[in-house]
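These numbers come from the heavy atoms of this one structure, side chains and all, not from hydrogens, waters or symmetry mates. Read the numbers this way: they start at 1 and go in the same order the structure lists the ligands and their atoms.
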Amino acid sequence: MQDDVKKLIFSVFALFILVIVVWVGFVFFSGCGLSLNCEKGARIPERTPIPTLIPAALPVMQLSAEQPKVTCQIASVDLIGAWVSAGYSETEAFEFTDITGQSCTASFKNDVQPLLLEGNIWFTGAPACTTCHNATLNQETAGMDLSTYEGMLAGSRRTSADVMGNDIFGGGTWEASLLYKMLYLEKKMPQGRPEDSPAEGPIIFAGSAQAAE
Ligand code: HEC
């Protein structure tokens, strides 16, 4: 009876030792493998958590066969003149030769109208033409609405919205037009234009070059 108890205690003790040895062995083996120098115990080199080699997952850029469009440059008065001489259409593109001699096309909406609607173009601090010439048809500002194409066609010195005024396009002859007179000959517009500003107005980017044949 006493022997049985001793045996039990001994085997429990032996099992305990065995489990400890196996456990320590397992930990050592998983950390150091079969070598004794235990390289896995070395410090892990510090690496940036951001992957530096980004996989090239974007689609390859396709170059189109079409030539990229080149923007042209021209003096603002010359651009308006080219448009008027070409018949001042609201929608049809018109042609002009830019300051570098390129053949270019432009349109009223994209190229001419911004010269009337936007400030700061003709000189630094310049008001937009439409600051004065708008649908209110003031007598003091020549009764002219430059804010829309229809307003421009209706002309100047109008007393109300339903009367036609003076043609500002010179019937299509640029040099005979009121616009030419005010913008170029008298250099009056936009009102407040400095003495030393160029008569032909600032050089602007407009239209695009026609593809060379
Ligand atoms: C600060 C106000 C003001 C601005 C901005 C202005 N104008 Fe005028 N505009 C006038 C006044 C005032 C007159 C009348 C002056 C006169 O008869 O000498 C006039 C007259 C004109 C006339 C002649 C009309 C006529 O029947 O005699 C034209 C054309 C004209 N402006 C075009 C323009 C254009 C184009 C712009 C923009 C580039 C412009 N104006 C900007 C005030 C302005």
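- Of all atoms in ligand 1, numbered sequentially from 1 with element shown, those under 4.0 Å from a heavy atom of L146 are 33 (C), 34 (C), 35 (C).
- On a distance-only criterion, E140 and ligand 1 share no N/O pair closer than 3.5 Å.
- For atom 41 (C) of ligand 1, the candidate residues are G143, A142, P190; the nearest heavy-atom contact is made by P190.
- Of the candidates G155, G119, P127, S177, it is P127 that places a heavy atom closest to atom 5 (C) of ligand 1.
- Residue A128 has at least one heavy-atom neighbour below 4.0 Å for each of these atoms of ligand 1: 5 (C).
- Within a 6.0 Å sphere centred on OH of Y184, heavy atoms belonging to other residues, nucleotides or ligands number 12 at most.
- Within a 6.0 Å radius of CD in E92, other residues, nucleotides and ligands contribute 12 heavy atoms or fewer.
- Any N or O atom pair closer than 3.5 Å counts here, and N166 shares no such pair with ligand 1.
- Contact check for L79 versus F94: side-chain heavy atoms found under the 4.5 Å cut-off.
- Comparing K181, M182, M189 against atom 6 (C) of ligand 1, the shortest heavy-atom distance belongs to M189.
- Other residues, nucleotides and ligands place no more than 12 heavy atoms under 6.0 Å from the CZ atom of F205.
- Between F108 and Y149, the distance separating the two ring centers is shorter than 6.0 angstrom.
- Among all protein heavy atoms, the one lying closest to atom 37 (C) of ligand 1 is C129 SG, 1.7 Å.
- Which parts of ligand 1 touch C132 is read off a 4.0 Å heavy-atom cut-off, strictly below it: atoms 1 (C), 2 (C), 3 (C), 4 (C), 5 (C), 42 (C), 43 (C).
- Among protein heavy atoms, atom 18 (O) of ligand 1 sits closest to K188 NZ, 2.8 Å.
- Between T131 and ligand 1, no N or O atom pair is found at a separation short of 3.5 Å.
- Separation of atoms CG (D145) and SG (C129) is listed at 11.5 Å; rounding is to 0.5 Å.
- Which parts of ligand 1 touch S156 is read off a 4.0 Å heavy-atom cut-off, strictly below it: atoms 24 (C), 25 (C), 26 (O).
- Among the backbone and side-chain atoms of T141, no N/O/S atom is found under 2.8 Å from atom 8 (Fe) of ligand 1.
- Under the 4.5 Å side-chain criterion, counting only non-hydrogen atoms from C-beta, V70 is in contact with Q102.
- A centroid separation of 6.0 Å or more is found between the aromatic rings of Y88 and W174.
- The residues E90 and K109 are annotated as salt-bridged, a charged nitrogen and a carboxylate oxygen being separated by less than 4.0 angstrom.
- By heavy-atom distance, the residue among H133, R157, Q139 lying nearest atom 25 (C) of ligand 1 is R157.
- The same ILVMFWY cluster, assembled from side-chain heavy atoms under 4.5 Å apart, contains both L179 and M182.
- Given atom 30 (C) of ligand 1, the protein heavy atom at minimum distance is M144 CE, 3.3 Å.
- Looking at A126 against ligand 1, nothing comes within 4.0 Å, counting heavy atoms.
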